[in-house]
Amino acid sequence: MLRAASVLKKSMRARISGSPKVIIIGSGIGGLAMGFKLLRAGVRNFEIYEKSDAVGGTWRDNRYPGVACDIPSHLYTFTFFKNPGWTQLNAPGAEIQDYLQRLARRFGLYRHIRFGKEVVRCGYRDCQWQIETRDGEANTADAIVAATGFLHVPVLPDIAGMDTFAGALMHNSRWDPSVRIDGRRVAVIGTGSSGVQLVPAIVDRVRSLSIYQRTPQWLFPLPNEQYPLWQRFKRRLFPWIPGRIFDRYLQEFNTSLGHAVLGDTQKQKFFHDACEQNLATVRDPELRRKLTPDHPVLCKRLVFSAKFYEAVQKNHCELVTDPIASIEERGIRSIDGTLREADVIVVSTGFKTHEYCRSIGIHGEGGVSLDQAWSDGAVSFESAALAGFPNFFMVGGPHTTVGNLSYTTCAEMQASYIVQALRLRAERGARGIVPTEQAQQRFVSDMHAASGKTVWKSGCNSWYLDEHGQLDIWSKSVEDFIAMIEKGPQLPDFRLIR
């Protein structure tokens, strides 16, 4: 049995003396987890800088029809704030956003959040961080935590003529609810997780739907069970039930998907067979051929949908696999010369997942920028710190367990690790704490060595791999990640600055 809940419960005992001033950047899942952990550690002198006007991060920004969590809702919660009220197995985005807002209210985090504060530069000097915001404000902090995550910078494809389209064009993460799609001709570019969620949600509302696919995906047919009112009432009446459900799903998730991505061939076969059976529901052989991937199941991030294949087979839908030549005033022209007219174009081409917190303009010791430190690829030390950047931490940065663990659990664990690092700094009477280059290189080498055994490096390109072909997510087991968090930062791996 995974010990995630017990390890996190034990971490609640950590206390930080000296009242360091901490600035957290971002009020999504990572930022809220960090804020809560600081409060529990006795730190009140912290602020959360949020560039938008609401908490929630990804779940605030993504409001497109059909947006939902693609893992079980009960697993997508913090251990310190269970949610007995989920209405279905895979909660819709609005429910997750509501959950995060309730969390912020419940634990008094709103009084620490400063909305409309976009950080544009962070510079380190003499154990202090100088922070500048876009509106010209300057502030200082003893430590900063970048909780920007990795799904916040949309990718817009480089297609000629995008600015000439006469209709409405938007990235799905910037969905404009004022744009009418009912009864109109809609084009969706991209069939990753977002596109696969969007298509079934709008297919019965539109006049026609053109779906532009560059790379077919394997779809796992996870049925989205609806929870009746009596079940939700029972979970509220007996608050220990959500905890047990969390433990069960965590164990099942790890022993199935978690083991499969690390090379368990029997578990891989389970996912392969399920995806093959789902694909077999496509009746037309030619359409099925177009939808068949040429890479192993799980090599890319697995997409969950029991509805996409049904939607794409509807008479007013067309799956287009010919490359796009250009976007014109009236629609999209394929490379074969065909123009498909559209009133609305939705771009579902994902995010710059390796951007992390680069846009903040972070400069560490000696003025070294984050771009310089990451010139050979984004790295971290033990998923939370970075050599050359004292008192700087990340939640949701490089080597995060996004491929085999719930991000909420991962963020909660990373926040616990950061609290331990700040406590170590305080206990030793240091002004700064930073991992050594040697320790970081050892950790990164270990991650890269382990990545070769994962299914993610079995021959396909995915957003898990950076431009150098390196895997920059957690490449070992969930058990290893939990053990690292439980062990916490070790003094020999860090340099203390007096």
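These values consider heavy atoms only, across backbone and side chains, with no hydrogens, waters or symmetry-generated copies.
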Whether the Ser194 and Ser348 side chains hold a donor-acceptor pair (N or O, under 3.5 Å, no angle test) is what I'd like checked. no
Which residue pairs satisfy the ring-ring contact (aromatic ring centres under 6.0 Å, His included) criterion with at least one member in residues 50-69, sequence neighbours excluded? Trp59-Tyr76
So with a 6.0 Å cut-off around CZ of Arg15, is the heavy-atom count from everything else above 12? yes
Scan side-chain atoms only and decide if Gln441 and Ser445 contain a donor-acceptor pair under the 3.5 Å cut-off. yes
Salt bridge (charged side-chain N to carboxylate O under 4.0 Å, His left out) filter on Asp98, not counting sequence neighbours, yields Arg102
Side chain to side chain donor-acceptor pair (under 3.5 Å) contacts in which one or both residues fall within residues 148-161, not counting sequence neighbours: none
Which pairs, with at least one residue in residues 131-149 and sequence neighbours excluded, count as a salt bridge (Lys or Arg N to Asp or Glu O under 4.0 Å)? Arg114-Glu137, Lys117-Asp135, Lys117-Glu137, Glu118-Arg134
Is atom CZ of Arg105 surrounded by more than 12 heavy atoms (other residues, nucleotides or ligands) closer than 6.0 Å? yes
Test log, rule side-chain hydrogen bond (donor to acceptor under 3.5 Å, both in side chains), inputs Gln197 and Ser305: CA-CA 7 Å; Gln197 288 183 341; Ser305 178; over 6 Å; no
Contacts of type salt bridge (charged side-chain N to carboxylate O under 4.0 Å, His left out), residue Asp493, not counting sequence neighbours: Arg442
Test: Arg3 and Glu479 ion pair at under 4.0 Å: no
CD on Glu252 to CG on Asp247, rounded to 0.5 Å: 11.0 Å
For Phe481 and Trp474, take the angle between the two ring planes, folded into 0 to 90°, and tell me which bin it lands in: parallel under 30, tilted 30 to 60, perpendicular over 60. perpendicular
State, with a plain yes or no, whether a side-chain heavy atom of Gln101 is found less than 4.5 Å away from one of Tyr110. yes
For side-chain hydrogen bond (donor to acceptor under 3.5 Å, both in side chains), just list the numbers for Ser369 and Asp371, CA-CA rounded to whole Å, side-chain angles, deciding distance to a tenth of an Å, and then say yes or no. CA-CA 5 Å; Ser369 71; Asp371 279 335; 5.3 Å; no
Test Glu365 against Arg495 for salt bridge (Lys or Arg N to Asp or Glu O under 4.0 Å), laying out the working first. CA-CA 13 Å; Glu365 290 178 305; Arg495 173 166 52 93; 2.9 Å; yes
Sequence neighbours excluded - salt bridge (Lys or Arg N to Asp or Glu O under 4.0 Å) pairs with any residue from residues 400-426: Lys37-Glu412, Arg423-Glu427
Go through the steps to decide whether Phe246 and Phe78 satisfy the test ring-ring contact (aromatic ring centres under 6.0 Å, His included), and finish with yes or no. CA-CA 10 Å; Phe246 173 88; Phe78 294 112; over 10 Å; no
Which residues share a salt bridge (charged side-chain N to carboxylate O under 4.0 Å, His left out) with Asp376, sequence neighbours left out: none
Would you check if Val261 and Trp456 make a side-chain contact, meaning some heavy-atom pair closer than 4.5 Å? yes
His354 and Asp472 side chains, donor-acceptor separation under 3.5 Å: yes
Tell me yes or no: between the side chains of Ser173 and Asn62, is some donor less than 3.5 Å from an acceptor? no
According to salt bridge (Lys or Arg N to Asp or Glu O under 4.0 Å), does anything in residues 61-82 pair up with another residue at least two apart or in another chain? List the pairs. Asp70-Arg301
Disulfide (SG to SG under 2.5 Å) pairs touching residues 412-451, sequence neighbours excluded, are none
Please lay out, stage by stage, how Arg431 and Asp126 fare under the test salt bridge (Lys or Arg N to Asp or Glu O under 4.0 Å). CA-CA 9 Å; Arg431 299 171 62 212; Asp126 192 25; 3.3 Å; yes
Donor-acceptor contact present, side-chain Asp466 to main-chain Gln470, <3.5 Å: yes
Sidechain N-carboxylate O distance under 4.0 Å for Arg111, Glu47: no
Greater than 12 external heavy atoms within 6.0 Å of Lys352's NZ: no
For residues 410-469, pull every pair meeting disulfide (SG to SG under 2.5 Å), keeping only residues two or more places apart or in separate chains. Cys299-Cys460
Would you find more than 12 non-hydrogen atoms of other residues, nucleotides or ligands less than 6.0 Å from Asn461 atom CG? no
Only pairs at least two apart or in different chains count here, so list each disulfide (SG to SG under 2.5 Å) that has a residue in residues 363-398. none
Considering residues at least two apart in sequence or located in another chain, which fulfil the salt bridge (charged side-chain N to carboxylate O under 4.0 Å, His left out) criterion with Arg121? none
